[in-house]
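Notes follow once the structure below has been shown.
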Amino acid sequence: MNTASEEYPRWSPAGEDFGGPVVMDDAFAACRSANRLPYLAVADVDTAAATAQEAGGELLMPPTSVPAGQRIAVVRDPRGAVLGIHRTGDGG
């Protein structure tokens, strides 16, 4: 396991960020329908979140920069599936 920050450890098989544990506190209340929240890597979180909304999805957590520098958002698709999105590349 790689530690990207003290707040958010990450699993990094073969040196590639894969995921990691995070406490699903009240900030995640709208998206706690399951014990896991899958994330998809995107080039631009803000654009991906806007595109999801334009396609009928619901923005549960607006694009946000977290302490480790990663930019994330959480969306629900029109059928109810919830997923997170994060920026690829330099980890910012």
Side-chain angles (χ1 to χ4, degrees):
M1 179 165 26
N2 236 0
T3 302
S5 75
E6 291 180 17
E7 295 88 21
Y8 185 70
R10 294 185 196 170
W11 294 299
S12 299
E16 297 292 325
D17 281 344
F18 174 74
V22 67
V23 175
M24 302 276 292
D25 59 15
D26 291 338
F28 290 88
C31 52
R32 274 199 302 229
S33 61
N35 292 328
R36 292 175 183 85
L37 178 62
Y39 273 80
L40 298 177
V42 297
D44 184 313
V45 170
D46 296 83
T47 299
T51 300
Q53 284 185 287
E54 291 166 8
E58 180 183 357
L59 191 58
L60 300 179
M61 176 192 279
T64 304
S65 294
V66 295
Q70 193 81 348
R71 190 130 174 95
I72 63 171
V74 179
V75 297
R76 179 179 8 236
D77 77 12
R79 293 185 178 201
V82 177
L83 61 102
I85 52 179
H86 73 95
R87 190 173 122 190
T88 60
D90 63 5

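Note that OG1 of T47 is 11.5 Å distant from CZ of R87, once rounded to the nearest 0.5 Å.
Partners of A48 under the side chain to side chain contact (heavy atoms under 4.5 Å, CB included) rule, at least two apart in sequence or in another chain, are V42, I85.
Contact between A73 and A49 at its shortest, heavy atoms only, is CB-CB, 4.5 Å. Looking at every heavy atom in both residues, G84 comes nearest to L37 through N-CD1, 4.0 Å. Here the shortest heavy-atom pairing between P63 and L59 reads CD-CD2, 4.2 Å.
Between I72 and V45, every side-chain heavy-atom pair lies at or beyond the 4.5 Å cut-off.
Legend: side chain to side chain donor-acceptor pair (under 3.5 Å) pairs involving residues 58-67, not counting sequence neighbours, sorted by first then second residue: E58-R76, S65-R71.
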